[in-house]
Amino acid sequence: MNHKDVFTLDVNSWMDFENLYDHIAKQKSGLTVEVGSWQGSSACYMALKLKEYNKLGINSPNLTKFYCIDTFSGIPNDTQPDQRVIAIDGIPIKEIFIKNAKTLGLSVFEHPLSRIRYIQDLADIFTEIQILHTDSITGLNLFDDKSVDFIFLDGEHNYATVVKEIELAKLKIKDDGWIGGHDWTDGGVQAAVRNTLGNVEEWISTRDNVTRASWLWRQNG
């Protein structure tokens with residue numbers, strides 16, 4: 001199976017930024033963090049692309065690490081049908097995430113947050129996807145400052161939360177690191193990004209005749 005098979009797994013996927021993930025995966029990045037992974041479509045896509053480029057020698061498998069931060073409980077007070085269906089079926093979102101990853105042949109490791117001080121304490125563990133089951137702020141704070149190559153924000157979409165995530169992400173990425181995010185057309189997201197980062201690159205994608213946009217910003221870019 002390959003990255004294209006991701007889209008056959010999750011009928012509720014909002015993954016429409018594969019062009020942005022392709023771009024980042026081609027960089028010689030060592031540490032990538034995704035905030036907000038839901039059922040794993042985007043996470044699996046990125047993990048498979050990183051794996052592909054590792055084999056091609058574009059990235060080093062000894063350096064590339066990919067972490068997913070998520071509460072796996074959805075957005076607070078969200079009433080989207082997708083979330084209600086999952087609750088009714090009684091299938092935890094994290095279980096769906098892990099099942100999807102394993103179906104694609106990806107290894108998954110969940111960090112015991114109460115037992116580690118920093119993510120780097122377990123840097124010798126190599127798996128394609130490493131889960132941090134927590135909120136975005138707690139999860140991002142587990143990384144050392146200036147240690148991350150790319151952080152993608154797709155968790156809560158309210159203005160205050162996105163501002164906090166961006167401000168923290170700026171501390172965590174390297175001097176030439178990247179920050180990106182989904183739902184650029186969301187008013188709260190766009191205002192938070194513009195007020196904290198200024199101008200950013202817009203990444204447009206179209207699927208099923210629906211056009212959506214994500215954003216990307218580079219430190220000292």
Side-chain angles (χ1 to χ4, degrees), residues 3-27 29 32-50 52-53 66-71 74-83 97 100 136-137 139-140 148-170 172-173 176-221:
H3 60 278
K4 294 181 181 178
D5 294 308
V6 167
F7 304 110
T8 67
L9 292 177
D10 183 2
V11 296
N12 296 322
S13 173
W14 294 288
M15 169 57 171
D16 52 42
F17 39 90
E18 57 266 31
N19 55 349
L20 189 155
Y21 267 19
D22 286 347
H23 174 73
I24 292 297
K26 289 177 182 177
Q27 312 301 314
S29 57
T32 297
V33 179
E34 178 182 85
V35 175
S37 298
W38 192 237
Q39 297 181 50
S41 292
S42 57
C44 289
Y45 187 91
M46 175 61 92
L48 286 167
K49 293 303 291 187
L50 289 171
E52 174 186 335
Y53 290 136
F66 180 44
Y67 296 87
C68 295
I69 301 173
D70 205 310
T71 62
I75 298 174
N77 303 315
D78 191 7
T79 58
Q80 299 238 12
D82 309 352
Q83 188 169 322
F97 176 103
N100 286 342
S136 60
I137 302 304
L140 288 172
V148 184
D149 292 272
F150 175 56
I151 297 174
F152 189 78
L153 304 175
D154 191 22
E156 291 189 44
H157 293 72
N158 66 76
Y159 176 86
T161 300
V162 177
V163 167
K164 290 179 182 178
E165 290 174 345
I166 292 174
E167 290 177 342
L168 186 53
K170 288 178 68 176
K172 301 304 175 182
I173 62 171
D176 60 348
W178 305 76
I179 303 174
H182 196 209
D183 296 292
W184 175 243
T185 54
D186 183 290
V189 170
Q190 189 167 138
V193 173
R194 289 196 183 281
N195 289 340
T196 52
L197 299 176
N199 294 325
V200 298
E201 296 179 35
E202 294 183 35
W203 285 71
I204 308 298
S205 64
T206 301
R207 183 181 298 130
D208 299 327
N209 296 318
V210 178
T211 300
R212 299 180 177 87
S214 297
W215 59 272
L216 187 64
W217 177 85
R218 191 171 192 179
Q219 184 90 287
N220 298 323

Does the side-chain contact (heavy atoms from CB on, under 4.5 Å) test come out yes or no for Glu165 and Ile137, once each step is laid out?
CA-CA 7 Å; Glu165 290 174 345; Ile137 302 304; 4.1 Å; yes
Examine Phe152 together with Phe17 and report whether their ring centres are nearer than 6.0 Å.
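Between Phe152 and Phe17, the centre distance is under 6.0 Å.
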Can you tell me how far [atom2] of [Y] sits from [atom1] of [X], rounded to the nearest 0.5 angstrom?
X      : Y      : atom1 : atom2 : answer
His23  : Asn19  : NE2   : CG    : 10.0 Å
Leu168 : Lys170 : CG    : NZ    : 12.0 Å
Thr71  : Glu156 : OG1   : CD    : 7.5 Å
Leu140 : Tyr67  : CG    : OH    : 13.0 Å
Leu50  : Met46  : CG    : CE    : 5.5 Å
Thr161 : Ile166 : OG1   : CD1   : 11.0 Å

At their closest point, which heavy atom of [X] faces which heavy atom of [Y], and how far apart are they?
X      : Y      : answer
Trp215 : Val189 : NE1-CG1, 4.0 Å
Ser37  : Asp70  : N-OD2, 2.6 Å
Asn100 : Gln39  : ND2-O, 2.9 Å
Ile204 : Ala213 : CD1-CB, 3.5 Å
Arg218 : Asp176 : NE-O, 3.0 Å
Phe150 : Ile179 : CE1-C, 4.2 Å

Judged by atom type as modelled, is there a donor-acceptor pair below 3.5 Å linking the side chain of Asp149 to the main-chain atoms of Ile173?
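No, because the side chain of Asp149 does not come within donor-acceptor range (under 3.5 Å) of the backbone of Ile173.
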Side chain Gln219, main chain Gly177, donor-acceptor under 3.5 Å:
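Judged by distance alone, no pair lies under 3.5 Å.
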What residues, two or more places apart in sequence or in another chain, satisfy side-chain hydrogen bond (donor to acceptor under 3.5 Å, both in side chains) together with [X]?
X      : result
Glu201 : Trp203
Asn195 : Tyr159
Thr196 : none
Ser214 : none

For Phe97, check ring-ring contact (aromatic ring centres under 6.0 Å, His included) against everything at least two apart and list the hits.
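Phe72.
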Ile151 versus Trp178: any side-chain heavy-atom pair under 4.5 Å?
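Counting from C-beta outward, Ile151 and Trp178 never come under 4.5 Å.
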With heavy-atom distances below 4.5 Å as the criterion, would you say the side chains of Val193 and Trp217 are in contact?
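Result no, sub-4.5 Å side-chain heavy-atom pair not found.
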Using side-chain contact (heavy atoms from CB on, under 4.5 Å), reason through Leu216 and Glu202 one step at a time and then give a plain yes or no.
CA-CA 7 Å; Leu216 187 64; Glu202 294 183 35; over 6 Å; no
Report the C-alpha distance between Asp16 and His182 in whole Å, list the side-chain angles of each, state the deciding distance to 0.1 Å, and finish with yes or no for side-chain contact (heavy atoms from CB on, under 4.5 Å).
CA-CA 9 Å; Asp16 52 42; His182 196 209; 2.8 Å; yes
Run the salt-bridge test on Lys49 and Glu52 with the 4.0 Å N-O cut-off and return the result as yes or no.
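Result for this pair is yes, salt bridge flagged.
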Are Ser42 and Glu34 close enough that a side-chain donor and a side-chain acceptor fall under 3.5 Å?
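Yes, Glu34 and Ser42 have a side-chain donor paired with an acceptor closer than 3.5 Å.
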Contacts of type side-chain contact (heavy atoms from CB on, under 4.5 Å), residue Asp183, not counting sequence neighbours
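Asp183 satisfies side-chain contact (heavy atoms from CB on, under 4.5 Å) with Asp154, His157, Asp186 once adjacent residues are dropped.
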